[in-house]
Amino acid sequence: LLSHTAGLPQQVSDEAWRAETREGVVRAMLASPPGARTYTYSNVGYMVAGVMLERVAHASWEELMRTRVFAPLGMTSCGFGAPA
């Protein structure tokens, strides 16, 4: 999945973005026809991995990033999404 050989598309489709949750977006992308099994960089693969992590950790991706990455590294000015 994270080696970019899962056949997922490079980006999330416009239709998938209509889902109301991150998991809904991933489900929509996994329902799409698989691509080639060769290397293709895919942001979607990271989204799938994030949803998997949320499920097993019982916490949101944002909370996991805050507690497991930002805090241990002393990062106090980190955020999510495009800069405002």
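Reckoned from all heavy atoms, side chains included, excluding hydrogens, waters and symmetry mates.
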With hydrophobic residues grouped by side-chain heavy-atom distances under 4.5 Å, do Leu64 and Tyr46 end up in a single group?
-> no
Glu23: what forms a side chain to side chain donor-acceptor pair (under 3.5 Å) with it, not counting sequence neighbours?
-> Arg27, Arg55
Could you tell me which non-hydrogen atom of Ala19 sits nearest to which non-hydrogen atom of Gly24, and how far apart they are?
-> CB-C, 3.4 Å
Is there a side-chain contact between Asn43 and Val12, using heavy atoms and a 4.5 Å cut-off?
-> no
For Arg22, what residues pass the side chain to side chain contact (heavy atoms under 4.5 Å, CB included) criterion, not counting sequence neighbours?
-> Met47, Val51, Glu54, Trp61, Glu62
Is there side-chain contact between Glu63 and Thr67, with heavy atoms separated by less than 4.5 Å?
-> yes
Is it possible for you to say whether Val56 and Met52 belong to one hydrophobic cluster, with membership spreading through side-chain heavy-atom contacts below 4.5 Å?
-> no
With sequence neighbours left out, write down each residue that passes side chain to side chain donor-acceptor pair (under 3.5 Å) with Arg66, or none if nothing qualifies.
-> none
For the atom pair CH2 (Trp17) and CD (Gln11), what is the distance rounded to the nearest 0.5 Å?
-> 9.0 Å
